Amino acid sequence: MVTYLKQHIRRIRHITNIVSIALTLLALAAFAIRGLNMGLDFTGGMVTEVRVDKSLTHDQVLNTLKPELGDSTSVIQSGEEGRWVIRYPLVEEQQSAPEIETLLSTISSQIEVVSNSMVGSQVGEELIDQGGLALLICILCILGYLSFRFEWRLASGALLALLHDVILVLGFFAVTQMEFNLTVFAATLAILGYSLNDSIIISDRIRELLVAKPKAPLAEINDQAVIATFSRTMVTSGTSLMTVSALWLMGGEPLQGFAIAMFIGIISGTWSSISIGTVLPEWLHLESKHYLPVEVDMAP
């Protein structure tokens, strides 16, 4: 694998960069056309916990409620058999909940509503504002850190790689119309930190090689930097993907959106650090002189 990488790394970097640009454009188009399917955390709605016959399955409960409550309805098991948490939107600003007992009476002989609460739309709007502010502050802090640590041409590659990863995740949720809730938003913030770590590792090596080999072409330096950090990147990404895959397979519906977002973010973060993070500085003509000490003319 390493031998193949050494022979073809430059072509791999440029091909994945083209793929990244194409996927980013598709994700932006999907986001603009379809938008996100915002969950009840943002839009408001009802949360009802019920106790029904223990023999009922998740699919039976969900298929019974969806035609009346809408496609955004979700059903989650609540700790014990026969106890379910039902989340659904209020239709056309109605302020009273539909009769859950009546809907479930067709499949269950014993129905008990344990709790019933409403999430107001005003709370959802506040969450959207606060979430957007948190994302903006996070990006600004990362931008400040990159500007301080790296020369702007190298920092631009790392920053664009971050934006690429977030856009791909949002584009996926726009295309699939999966529910975008607080757990998915938390995954989006986590992806920023994960992708930044990958980009910094490669950028640090590029900076070291620029100083150590001032006469070497930048493309060659980028190739060497990617190869030198490849094993570390694969180990980090591989172990992270194993953990996220376990959450995806065993975490159930509540963690599904979080796990999918993290899975996409880890994969895209790995290849964007190799492609965008290295190709963009080449396009911006990064050179060794940008990191070498400036000679001062001491002549009077």
Side-chain angles (χ1 to χ4, degrees), residues 19-47 62 65-76 85-95 98 118-140 142-143 159-195 244 247-248 251 253-269 271-272 276:
V19 172
S20 293
I21 294 174
L23 289 177
T24 300
L25 293 176
L26 289 175
L28 289 173
F31 184 76
I33 295 172
R34 306 194 66 179
L36 295 174
N37 178 23
M38 308 299 283
L40 299 185
D41 296 329
F42 298 106
T43 62
M46 298 297 300
V47 180
L62 184 62
L65 297 176
K66 260 192 174 182
E68 297 295 332
L69 301 181
D71 292 336
S72 298
T73 303
S74 66
V75 177
I76 303 170
V85 174
I86 304 166
R87 299 165 64 91
Y88 55 96
L90 287 175
V91 181
E92 295 180 356
E93 303 297 330
Q94 68 181 80
Q95 297 300 316
M118 183 175 69
V119 179
S121 58
Q122 184 176 0
V123 175
E125 292 175 0
E126 291 179 359
L127 286 174
I128 293 176
D129 294 339
Q130 293 173 0
L133 181 61
L135 184 61
L136 178 62
I137 291 175
C138 183
I139 292 176
L140 288 177
I142 290 174
L143 178 61
L159 181 62
L160 191 58
L162 291 180
L163 297 178
H164 160 271
D165 301 336
V166 173
I167 290 172
L168 285 195
V169 172
L170 295 180
F172 174 83
F173 278 84
V175 170
T176 61
Q177 287 296 290
M178 290 181 62
E179 182 180 296
F180 187 89
N181 50 34
L182 283 178
T183 59
V184 178
F185 180 75
T188 304
L189 294 179
I191 289 167
L192 287 174
Y194 183 90
S195 180
V244 171
L247 285 176
W248 190 351
E253 187 176 345
L255 292 177
Q256 187 179 49
F258 176 87
I260 291 175
M262 285 297 297
F263 192 90
I264 297 171
I266 290 172
I267 293 177
S268 66
W271 95 53
S272 66
I276 298 175

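Because the structure is a prediction, the values reported are computed rather than measured.
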Task: Heavy-atom closest contact (A190 atom, M262 atom, distance) - done: CB-SD, 3.8 Å
TODO: Report the distance from atom CD1 of I191 to atom CD1 of I264, rounding to the nearest 0.5 Å.
DONE: 7.5 Å
Task: From W271 atom CH2 to L168 atom CG, the distance as rounded to the nearest 0.5 Å - done: 6.0 Å
Task: Shortest non-hydrogen contact from G171 toward A27 - done: CA-CB, 3.7 Å
Open item on the list: If you apply the rule side-chain contact (heavy atoms from CB on, under 4.5 Å), what do you find for L247 with F258, and how did you get there?
Closed with: CA-CA 9 Å; L247 285 176; F258 176 87; 4.1 Å; yes
TODO: Can you measure from CD1 (I21) to CG (L160) and round to the nearest 0.5 angstrom?
DONE: 8.5 Å
Open item on the list: Do L170 and F180 have side chains that approach each other closer than 4.5 Å (heavy atoms only, starting at C-beta)?
Closed with: yes
TODO: Could you grab the distance from atom CG of D165 to atom OG1 of T188, nearest 0.5 Å is fine?
DONE: 11.0 Å
Open item on the list: Within this structure, what is the NE2-CG distance for the pair H164 and L23, rounded to the nearest 0.5 Å?
Closed with: 6.0 Å
TODO: Compare every heavy atom of E179 with every heavy atom of F173, then report the nearest pair and how far apart it is.
DONE: CE2-O, 3.9 Å
Open item on the list: How close do V244 and A259 get, counting heavy atoms only, and between which atoms?
Closed with: CG1-O, 3.1 Å
Open item on the list: Just verifying a value: how many Å separate L159 CG and I276 CD1, rounded to the nearest 0.5 Å?
Closed with: 11.0 Å
- [ ] Taking all heavy atoms of A261 and all of V184, pick out the closest pair and write down the distance.
- [x] CB-CG1, 4.2 Å
